[in-house]
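What you see below is based on every heavy atom in this structure, not just the backbone, and it leaves out hydrogens, waters and symmetry mates.
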Amino acid sequence: MIITKVVEYEAIAKEKLPKMIYDHYASGAEDEWTLKENRNAFSRILFRPRILVDVSKIDLTTTVLGFKISMPIMIAPTSVQKMAHPEGECATARAASAAGTIMTLATEASSSVEDVASTGPGIRFLQLYVFKDRNLVTQLVRRAENAGFKAIVLTADTPVCGHREANIKNRFTFPSYVKFKNHQDMDLEKTKDSNPVSIVSDLYDQSLSWKDVKWLQTITSLPIIIKGVLTAQDTRLAIQAGASGIVVSNHGARQLDYVPATIMALEEVVKAAEERVPVFMDGGIRRGTDVFKALALGATGVFIGRPVVFSLVADGEAGVRKVLEMLHDELEITMALCGCPSLKDITRDHVVMEFDRPRIAPRL
């Protein structure tokens, strides 16, 4: 089968995975309105291409926190990837390195920071949940530093686990053959069960607040990116707390339903940031055109999650490489057709949103 677009990997994954695991990866919270809206919102943004621009050379390279990468497309944290493929996060890390981009490793990964570091060179970030036992947080951050990780991505939208009805119907628990390898110093017997709700309620610190961003800065010199921002107010607070970057994210629509699609929240956050820190986004990216739209609305780059997992199911490391290659090539074509030879040429004038378009009164 010739794969021509990213979304085709999801159908393959659905066929290959047990229903319980596929639903865990694919589903969202409650009515899944936000899950659908993360995708649908992109269709309400249209292009305003410019013509007769020299696009004989297209440059997709960019810099994130001082690190040069091949394209503004990076890998978001997704947990226990060995449910998708036996090589899990290590396969993803190799694919990201080969593509010249950044991988973010989840706290709840089935490969440890040391496992991922052992795959070879690459730019890696650690996504961090803050445990009730702060000593465990310190240990994990130090391990990431020692393994050469370059930034901490603090997930800030998970004081409790979202109401994920697919998991409830399937009585989802993490399979016994996968382990949370970053928890090697943690007694997981403390949890009531190996399901996401129990893990969040038993292990994560529900008292987490802005002051803890300052605390995190006392245990690491790595830059801290805040993930889960959707409003201008929280953008300003993140910057005041010393964040080095922001990810506009609704957790893949897995936490609170009926929040805006991230592409719809992006511009508010970008304006509030006032170029003081880079703003990234995740959620719903399936095409290079989606990436262009995010960049036009002010994002420095995007992170992809489910496309990585589904392609990992289908074809391991080669599948993830293919997804990154397709998105790269689609973005390159979009830039050429919009008259943008480099990323800095992409502006707000290159897109029009549904509410921007003038409405023509019907004739009576």
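A side chain to side chain contact (heavy atoms under 4.5 Å, CB included) with Val248 holds for exactly one of Leu230, Val270, Val302; it is Leu230.
Not a single donor-acceptor pair under 3.5 Å links the side chain of Glu37 to the backbone N or O of Trp33. When atom types are taken as modelled, the side chain of Gln255 and the backbone of Gly162 share a donor-acceptor pair closer than 3.5 angstrom. Remark: side-chain polar atoms of Asp54 are paired, donor with acceptor, to backbone N or O of Ser56 under 3.5 angstrom. In terms of modelled atom types and a separation under 3.5 Å, the side chain of Ser70 and the main chain of Ala99 share a donor-acceptor contact. Arg164 places a side-chain N or O within 3.5 Å of a backbone atom of Arg254 that can act as its donor or acceptor partner. For Glu108 (side chain) and Val80 (main-chain N/O), no donor-acceptor pair under 3.5 Å exists by modelled atom type. The main-chain N or O of Leu35 is never found under 3.5 Å from a side-chain atom of Asn38 such that the two would form a donor-acceptor pair. A donor-acceptor distance shorter than 3.5 angstrom exists from the side chain of Arg306 to the backbone of Tyr25, with no hydrogens or angles considered. The closest donor-acceptor contact from the side chain of Asp212 to the backbone of Ser209 lies under 3.5 Å. Proximity of a side-chain donor or acceptor of Gln206 to a complementary backbone N or O of Tyr204 within less than 3.5 Å is detected.
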Open item on the list: Using the rule given for side-chain hydrogen bond (donor to acceptor under 3.5 Å, both in side chains), can you reason through Asp345 versus Ser342, listing the C-alpha separation, both sets of side-chain angles and the distance that settles it, and then say yes or no?
Closed with: CA-CA 5 Å; Asp345 296 311; Ser342 70; 2.8 Å; yes
Task: Evaluation steps, side-chain hydrogen bond (donor to acceptor under 3.5 Å, both in side chains), between Asn250 and Thr262 - done: CA-CA 7 Å; Asn250 54 36; Thr262 47; 4.8 Å; no
TODO: Step by step, work out the side chain to side chain contact (heavy atoms under 4.5 Å, CB included) result for Gln217 and Ile224.
DONE: CA-CA 8 Å; Gln217 291 167 343; Ile224 297 168; 3.5 Å; yes
- [ ] Might you work through the side chain to side chain contact (heavy atoms under 4.5 Å, CB included) test for Phe47 and Thr289, ending with a clear yes or no?
- [x] CA-CA 9 Å; Phe47 294 119; Thr289 50; 3.7 Å; yes
- [ ] Under the salt bridge (charged side-chain N to carboxylate O under 4.0 Å, His left out) rule, what do Glu330 and Arg286 come out as? Steps first, then yes or no, please.
- [x] CA-CA 10 Å; Glu330 289 175 4; Arg286 297 295 184 273; over 6 Å; no
TODO: Could you give me the CA-CA distance, side-chain angles and deciding distance for Asp202 and Lys132, then say whether salt bridge (charged side-chain N to carboxylate O under 4.0 Å, His left out) is met?
DONE: CA-CA 8 Å; Asp202 292 353; Lys132 292 175 182 177; 5.6 Å; no
- [ ] For Glu145 and Thr220, run side-chain hydrogen bond (donor to acceptor under 3.5 Å, both in side chains): C-alpha distance rounded to whole Å, both residues' side-chain angles, the deciding distance at 0.1 Å, then the answer.
- [x] CA-CA 8 Å; Glu145 289 175 336; Thr220 183; 2.5 Å; yes
Under 3.5 Å, which donor-acceptor pairs link side chains of residues 310-321 to any protein atom two or more places apart or in another chain?
unit_1 : atom_1 : unit_2 : atom_2 : d
Ser311 : OG     : Pro307 : O      : 2.8
Ser311 : OG     : Val308 : O      : 3.0
Glu317 : OE1    : Arg94  : NE     : 2.8
Glu317 : OE2    : Arg321 : NE     : 3.2
Glu317 : OE2    : Arg321 : NH2    : 2.9

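Figure legend: Lys179 and Phe174 shown without cation-pi pairing, the cationic atom not lying both under 6.0 angstrom from the six-membered ring centre and within 45 degrees of its axis.
A pairwise comparison of heavy atoms in Arg236 and Arg276 identifies CG-NH2, 4.2 Å as the closest pair. A pairwise comparison of heavy atoms in Glu89 and Met103 identifies O-CE, 3.5 Å as the closest pair. Closest approach of Ala96 and Leu324 over heavy atoms only: CA-CD1, 4.2 Å. Smallest separation of non-hydrogen atoms from Met20 and Thr173: CE-O, 3.6 Å.
Judged by distance alone, the side chains of Thr155 and Gln127 do bring a donor and an acceptor atom under 3.5 Å apart. Inspection of the Tyr22 and Glu15 side chains reveals no N or O donor paired with an N or O acceptor under 3.5 Å. Checked by atom type, the side-chain pair Thr107/Asn182 shows no donor-acceptor distance below 3.5 Å. The closest side-chain donor-acceptor pair between Arg50 and Thr347, if any, does not fall under 3.5 angstrom.
Residues satisfying the side chain to side chain contact (heavy atoms under 4.5 Å, CB included) test with Asn135, not counting sequence neighbours, are Asp133, Gln139.
Taking the six-membered ring where the residue is Trp, His251 and Tyr129 present parallel rings, their angle staying beneath 30° rather than reaching 60°.
Residues Ile226 and Asp234 have side chains not in contact (no heavy-atom distance under 4.5 Å, counting atoms from C-beta outward). Put simply, the side chain of Leu343 reaches to within 4.5 Å of the side chain of Pro72, judged on heavy atoms. At a threshold of 4.5 Å between non-hydrogen side-chain atoms, the residues Asp115 and Cys90 count as touching.
Here CG of Leu331 is found 6.5 Å from CG of Leu295. Values are rounded to the nearest 0.5 Å.
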